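Accompanying notes for the structure given below.
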Amino acid sequence: MAKTLQSIRGMHDILPEQSAAWQYLESTVRQLLARYSYREIRTPIVEVTELFKRAVGEVTDIVEKEMYTFEDRNGESLSLRPEGTASCVRAGIEHGLFYNQQQRIWYTGPMFRHERPQKGRYRQFHQVGVETFGIAGPDIDAELIAISARLWQELGLKNVRLELNSLGTPTSRAIYREKLIEYFSAHLDVLDEEAKQRLHSNPLRILDTKHPATRLIADAAPSLHDYLDPESKQHFEQLCSMLEAMGIQYVINPRLVRGLDYYTRTVFEWITEELGAQGTICAGGRYDGLVSQMGGQETPACGFAMGMERLLELMQVQEQALSATAPDLYLVLAGEQASSAGIVLAEKLRTELPKLKLQVNAGGGSIKTQMKRADKAGARYALILGEQELAAGTIGFKPMQDATANQVSLKLTELGQYLASQLN
Ligand code: ATP
Ligand code: MG
């Protein structure tokens, strides 16, 4: 027999049993973003490697060791996108989207990074990213954070903590950078190899090290906050008070620096303790310098990206996934006559109740078998139609998630109305 093939390590199929949760998440995000007047952008999955080198930065984990880079048949170096911001910026400049305008956009799709696969960390994973261009004030930082906060609420997610920091301007950061180099240089003997390599190229990255010994040194390092320029300080304070006014709780974390080079001023992460080591479900911040660095005109920008796999895992841990995607009703059909009547009834209900999620039993089976299927599908209610009910013009209605609830008999003519009230 021929050897069977498998998907690439760290790249996963989304199976039919999982896709309902994905679609639920995607449509919740899409509807929410429409309510805030954000519009979708779709860019190619492959770009010239140069784009990511310039946008993400040469001295980042992504560009140094995580990109899927290859030569195409013309010998040009291309890469699978490891993130979405670079393409948004490229497309915005290319199509003049930033010229004297504000833009609120979002994207979704697969991203590719050659990392060590583990729970919550894959080589193909999916993000939804939200980006704004042409808006300099903290009001848009606050709006972006409010969008994410509302999303967790709509998804029923709890216990996610917002961590916030400001990285200041390139000028204030440059001063801080020198201080950091000075500080870490005094502890060279303790630093790990990676930190030593980063000392002069990207010393801020040492602050979010996971290496235990370096961690201790980093914890005692001078704080960026003491070096913030007055405008950045004000921007940050305004953002904080807007969040407070909206009732969004946050924790200021002066060690939060983010992995990418392009951030200025606001950076934030949403973190949960319920997913183990890969607890960041959403991360973002302001990147005022990127558009001009990529050849466009000066354009302030702010955005975030969330990891869909991690969100779905959290929904599962908090048991929000099944209830969100399961059918409202499972229609049990006993006997041949009921089978053909059932499919007609189902169509009628779908017309009457456009939001109803209804699964009709197909392929026969005893009532017991069908009830098991209803249970497996996670249905809230079962409708039971047999010969007797057909003759009497009634139907059985049974709550599935309450063991103490009894089956009731309803008139078929009143079924639509009754369901509308039960399903709110
Ligand atoms: P991490 O510190 O976990 O590596 P990151 O800083 O590299 O994250 P970003 O580039 O900011 O992550 O991406 C935004 C979000 O995308 C992350 O917060 C996370 O939820 C998700 N994400 C990033 N890399 C992966 C991956 N390899 N697999 C699954 N999700 C990921
Ligand atoms: Mg990473």
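The analysis underlying the following values was restricted to heavy atoms, covering all of them including side chains, and did not include hydrogens, waters or symmetry mates. Position 1 is the first residue of the sequence, and the numbers go up from there. Read the numbers this way: they start at 1 and go in the same order the structure lists the ligands and their atoms. Computed from a predicted model, the values in this text were never measured in an experiment.
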Any side-chain donor paired with an acceptor under 3.5 Å for Arg39 and Gln103? yes
Looking at ligand 1, would Glu115 count as a contact under a 4.0 Å heavy-atom criterion? yes
According to side chain to side chain contact (heavy atoms under 4.5 Å, CB included), who are the partners of Arg30, at least two apart in sequence or on a separate chain? Trp106
Non-hydrogen atoms of Gln127 versus ligand 1: any pair closer than 4.0 Å? yes
Ring centers of His12, Phe125 separated by less than 6.0 Å: no
Begin with the C-alpha distance, continue with both residues' side-chain angles, and end with the deciding distance and a verdict on salt bridge (charged side-chain N to carboxylate O under 4.0 Å, His left out) for Asp328 and Lys355. CA-CA 10 Å; Asp328 302 312; Lys355 285 191 176 158; over 6 Å; no
According to side chain to side chain contact (heavy atoms under 4.5 Å, CB included), who are the partners of His114, at least two apart in sequence or on a separate chain? Tyr68, Arg123
Counting heavy atoms only, which part of Arg121 comes closer than 4.0 Å to ligand 1: side chain, backbone, both or neither? both
Can you confirm whether or not the ring centre of Tyr381 sits under 6.0 Å from the ring centre of Tyr330? no
To which of Tyr263, Trp270, Phe125 does the heavy atom nearest atom 31 (C) of ligand 1 belong? Phe125
Ile281 neighbourhood, listing ligand 1 atoms whose heavy-atom distance to it stays under 4.0 Å: 20 (O)
Among Gly120, Ala283, Gly279, Gly285, which one has a heavy atom closest to atom 29 (C) of ligand 1? Gly120
Are any of the N or O atoms of Arg310 closer than 3.5 Å to those of ligand 1? yes
